[in-house]
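See structure below.
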There are 2 protein chains.
Amino acid sequence: MPAAQQPKTSAKGLETRERIVDVAVRFIARNGARGTSLADIAAEAGVSQTGLLYHFRSKEALLNAVLDRHLAFSEEWLWGDGPDPGIKIVDIVARHMASWPSQHDDKVYSLLGMNTVVLGENVSPDTDLHPRLVEGYRTTIDRVTATLRSAQQRGEIRDDIDPRLKAMEIIAYCYGLEAAWLVDPTIPVADAAAQWAAQQTTQMASS
Amino acid sequence: MPAAQQPKTSAKGLETRERIVDVAVRFIARNGARGTSLADIAAEAGVSQTGLLYHFRSKEALLNAVLDRHLAFSEEWLWGDGPDPGIKIVDIVARHMASWPSQHDDKVYSLLGMNTVVLGENVSPDTDLHPRLVEGYRTTIDRVTATLRSAQQRGEIRDDIDPRLKAMEIIAYCYGLEAAWLVDPTIPVADAAAQWAAQQTTQMASS
DNA sequence: CCAAAACTACCGACTACTCAGTCAGTTGTC
DNA sequence: GACAACTGACTGAGTAGTCGGTAGTTTTGG
């Protein structure tokens, strides 16, 4: 369920709205939604707070638009590489991780920040974004599971591995390394990812 | 640097202070420090907000006391089992994970929540708790690294594994599964942990 | 073809409320 | 009676959101 928006919009309005969401993503990825005021976002986006609230009827509506953007970018970044990588999914993941340090301050940084910071803020089931985060998590699990399962059926992956549990493991690892790198950007993510990918590949491969 | 406290304290005062920290940990583990007001904590702890501020001169001081408590409990829970488990550290970790579901609403839940929620809130380097979180992360890494390295020297673990990178991997996995379980308590953490531990053990063991 | 009406995209001023923190006391205990 | 352990009333700085208005653009009807 994407965020409800005003019915009619001109090209100019759409542009402003995009600009606001851009700014909001950057702010929220660093300081969280609770740590970011509408005034902050409005000032950076070059509109008044009232102007912002014309485009998004409430902070929650803006938050949902921000999450829409995040999920779309996430999707594109992770799965835009082509169809069904099979067991090579661990290499793809590792390659993505290795690219983090060079993308500090970029869209990718915001992507990771959104995961860690917004998830932390919405752990409690009665928070605004919690249902959508759970849904997003489950969708990702399902996708990775499907990839692993078909690789298993093709004989690329050992039979005694449960694809769903393995998917959970891969995602947990990504998420954890992400969080660690965000709080301490000096850690060698590329090296860690490389060792992890190599070991995962040999361990999962059918003998 | 632990939180500075008032110089003199009676038994009663100490008891109240403990009660306040107890309540604060529970609240903050669910809603974060930014999502928890001093009034909330004070009410639940059975003192006025002014009374709370008598014991902790500011919210930040309380937060540091909360983090003290968290780190101490974390320490006890993770390393209280005895000296140097060697390669069995993965089993210990997995056993801990398997116990999560039965401890919902308990101190352990708060422990996990503190990790995920407070970390998310303090990703940005200019937040109050960020330096202490980085320090805590590095300490844990060092400890796990030391355990793995000595196991490697004893010949329990293959030589081509880098203990530090492996430690990062283990911690990242724990952290990620923790976060996933917090947002979605229906996921089978025990099964995931069991498969993970089994595979880690066979993969790490010297042949 | 053009003026009036309607609508989009804003803005400044304001409101109601929440929050951390202060101050000037009061109570209870060694 | 000194000091620790409080409390109620208050303050000032935010905060999300409302209201009434205006400039510019688009639509409509004669």
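Each chain gets a letter, A, B and so on, in the order its sequence line appears, and its residues count up from 1.
- Going from atom CG of A:Leu53 over to atom P of D:dC19 covers 13 Å, rounded to whole Å.
- To the nearest angstrom, P of D:dG14 lies 17 Å from CD1 of A:Ile41.
- Legend: residues meeting salt bridge (charged side-chain N to carboxylate O under 4.0 Å, His left out) with A:Arg95, ordered by chain and number and at least two apart, are absent.
- Between A:Arg57 atom CZ and D:dC19 atom P the separation is 15 Å, expressed in whole Å.
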Would you tabulate the nitrogen or oxygen pairs shorter than 3.5 Å linking the protein to nucleotides 10-15 of chain C?
| unit_1 | atom_1 | unit_2 | atom_2 | d |
| --- | --- | --- | --- | --- |
| C:dC10 | OP2 | A:Thr16 | OG1 | 2.8 |
| C:dC10 | OP2 | A:His55 | NE2 | 3.1 |
| C:dC11 | OP2 | A:Ser48 | N | 2.8 |
| C:dC11 | OP2 | A:Ser48 | OG | 2.7 |
| C:dG12 | N7 | A:Thr50 | OG1 | 3.4 |
| C:dG12 | O6 | A:Thr50 | OG1 | 2.9 |

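- The interatomic distance linking A:Leu14 (CG) with D:dT25 (C1') rounds to 16 Å, in whole Å.
- Look at CD on B:Glu15: it is 18 Å from P on D:dA4, rounded to the nearest Å.
- The minimum heavy-atom distance linking B:Val123 with B:His130 is given by the pair O-CD2, 3.3 Å.
- With A:Gln203 contributing its side chain and B:Gln199 its backbone, the two residues share no donor-acceptor pair below 3.5 Å.
- From A:Leu133, atom CG reaches atom NE2 of A:His70 across 7.5 Å, with rounding to the nearest 0.5 Å.
- Taking atom CG of residue B:Leu62 and atom P of nucleotide C:dG21, one finds them 10 Å apart after rounding to whole Å.
- Of the listed residues (A:Trp79, A:Trp77, A:Trp181), just one forms a ring pair (Phe, Tyr, Trp, His ring centres under 6.0 Å) with A:His96, and that residue is A:Trp77.
- For residues 32-47 of chain B, every residue pair satisfying the salt bridge (charged side-chain N to carboxylate O under 4.0 Å, His left out) rule, not counting sequence neighbours, is listed here: B:Arg26-B:Glu44.
- For residues 176-198 of chain A, every residue pair satisfying the salt bridge (charged side-chain N to carboxylate O under 4.0 Å, His left out) rule, not counting sequence neighbours, is listed here: A:Asp184-B:Arg138.
- Residues satisfying the salt bridge (charged side-chain N to carboxylate O under 4.0 Å, His left out) test with B:Glu169, not counting sequence neighbours, are B:Lys166.
- For the segment residues 32-40 of chain A, residues with any heavy atom less than 4.0 angstrom from an atom of DNA chain D are, sorted by number, A:Thr36, A:Ser37, A:Leu38.
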